[in-house]
Amino acid sequence: MLSINNLHVAVDDKAILKGVDLTVKAGEVHAIMGPNGSGKSTLCHVLAGRPGYQVTQGGVDYQGADLLALEPEIRAREGLFLAFQYPVEIPGISNLYFLKAAINARRKHEGKGPMPAVAFLRMVREKAACVELDEGLLNRSLNVGFSGGEKKRNEIFQMLVLEPTLALLDETDSGLDIDALRVVAEGVNKLRSEGRAILLVTHYQRLLDYIVPDYVHVLAGGRIVRSGDKDLAHKLEAEGYGWIENEAST
Amino acid sequence: MSQLASLQGSREAAVARHSQGAPESRREANKYTSYRALEGLSRASASLICEGAELLDLEAAMTRDPERVKACLGSLATGPWADTALASKPNLAVLWLSPGDETLRVSLRGQGAGQSHQHLLLLSDPDCQRSVHLELLDDASGSHHLNLVIEADLAESSRLDLSVSQAMSSESYVTATWAFRLAKKANLHAVWMDFGAALARHDLQVDLAEPQARAELAGLMLPKLGQHHDQHLTLHHGASDTHSQQLFKGLVGARGRSVFSGRVEIKEGAAGCSSHQLCRGILLGDGAEFDARPQLLICIDAVEASHGASCGAMDEKSMFFLRSRGLDELAAKQLLAEAFAGEVIELLGDPSRSESTLQRVRSMIQEIH
């Protein structure tokens, strides 16, 4: 589904990613861990198409297409979803209004007509319940006045509504209390299926207790320096990143 | 007619002031505004229509309450364009507001090329609540300069909900002086929307003259391609427990210019008053300009007052967020523009007018995209 090949990315001429290679197949869940500043969020944003990053080398194949050549909205309509670490607040745009526009943009891309209002409302209520998102928040301005936990639930709610093929979760667990973490993780697990893949960035093993990954990768210094299974996350939790950085330097 | 003659004094005073010359850009109040295009225009006419109420002529209004008419006419509005109008023997009409649920719809339409002057007096009875929607238009048959003076005297415990929609053709100009005097517990809720005209200049003069008067004022300007929209507010808190909110926004297309000047004066007798002002601009293209001049003059302690101004391009993070959800660049811009303008538009309190205004915002974004 996703093949990242020798990806080099710079911001303002400063190299951030220095040769990332990663292959994600349908049905897989990959966790990316790594110290602060290693390029995890950069990787997510580059994949989602955020302006301001310069790809200086390498490429990304997504379902047979050159992902980096696509506009962000085309990537989204082709099934890519980024759950933001810091969801933006947009006063004046209600959750429902924006989501309906997003869904219908994707349906139009697929050659379908707009979703009927009744079906849309039924669907969003059902998905909101999956992440225990207060229905009152649906009509509120996007993330305005939401708590940190509500914002993260709202991201996962949007993901469930948009039903992506490839979900990128950028530190979705940060700022969540234990109960909210469980709810958000259950929401993510509802999306798991043979036809979908998830790439999640996290600092902590605790998220991986709920969303058990097939692969764990360590991103350090702009490259993936180690890959393993879920046990790698346990080792990182216990020992930190020092041993990997030492290995990498030798 | 002797009563009419007694009004001659205010006109003569205006003539004297007017003889000092046309507004100059050297004056601080006109710092951003050029009136050069308005020079040398010949006299033209304008039609004034009101649906839902009868417009009175001066004689009829004087019959109803001569002292009040004399106290207001020509004495509330100040400034060079008001003087120009008063000195030019404008068309004069009086709208006496009586209670009613129906919104009064007033349409002022400039006709042909040239300059027209209109003077409208709005008077409300005590306890009267009324909504008025006023449209400023022209017949698009040439460059028309519509010069309008509105003087409104809101009696005790009355409420006026005013919405103004300026949609003149891009060859035309409007200068409008709006003067409001609010008596005790009177309430003014007013929204100005500027969509058209090469130049639109509104001088808004609000006097919260008596205790517990309250004003909620808002404006939205959508200039583009050489258009200049200019909303100048002077607001006096002259009595105790008076309150005001002001929200003015400019959504400025390429080579458009939007100006907001808001001067709030809290006088010595205005204990316990509050005033909050916010102006914001979004620049949507090359050569777009938003000039903000928030000013606050406080002559007394123990009042609550704030002002703020911001200006910039559309928020890149928000744009990317919306695009990452599948909205294309145009749709994302339209949504953000709607959200920006929506804060003012929702103050219209009229769903159909709100929707048509939102449609104008969407169209503008589409045009300049």
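Numbers restart at 1 for each chain; the letters A, B, ... are given by sequence-line order, proteins then strands.
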Under 4.5 Å to a heavy atom of chain B? For L99(A) that would be neither
Whatever's closer than 4.5 Å to a heavy atom in chain B on Q158(A) counts as side chain
Okay, E346(B) and chain A: the region with an atom under 4.5 Å from a heavy atom over there is neither
Smallest heavy-atom separation, A339(B) atom then I93(A) atom, equals CB-CG1, 3.5 Å
Tested for side-chain contact (heavy atoms from CB on, under 4.5 Å) against R50(A), the lone hit among E316(B), R323(B), K317(B) is K317(B)
Are there more than 12 heavy atoms of other residues, nucleotides or ligands under 6.0 Å from atom CD of E194(A)?
no
In short, S324(B) meets A76(A) closest at the heavy-atom pair O-CB, 3.2 Å
Under 4.5 Å to a heavy atom of chain B? For Y86(A) that would be neither
Would the distance check show the side chain of R325(B) and the main-chain N or O of L82(A) forming a donor-acceptor pair, the cut-off being under 3.5 Å? yes
Here the pair of heavy atoms bringing A105(A) nearest to G326(B) is CB-O, 3.3 Å
For F320(B) and G49(A) the tightest heavy-atom approach is CE1-C, 3.5 Å
ask   = In terms of heavy-atom contacts, does CG of D13(A) have more than 12 from other residues, nucleotides or ligands at under 6.0 Å?
value = no
CZ (R77(A)) and CG (D328(B)) are apart, to the nearest 0.5 Å, by 5.5 Å
Let me see the working for I90(A) and L322(B) under side chain to side chain contact (heavy atoms under 4.5 Å, CB included), right down to the final yes or no. CA-CA 10 Å; I90(A) 309 184; L322(B) 294 174; 4.2 Å; yes
Looking only at heavy atoms, the pair that brings A101(A) and L327(B) closest together is C-CD1, 3.9 Å
Here the gap from F321(B) atom CZ to E89(A) atom CD, rounded to the nearest 0.5 Å, amounts to 11.0 Å
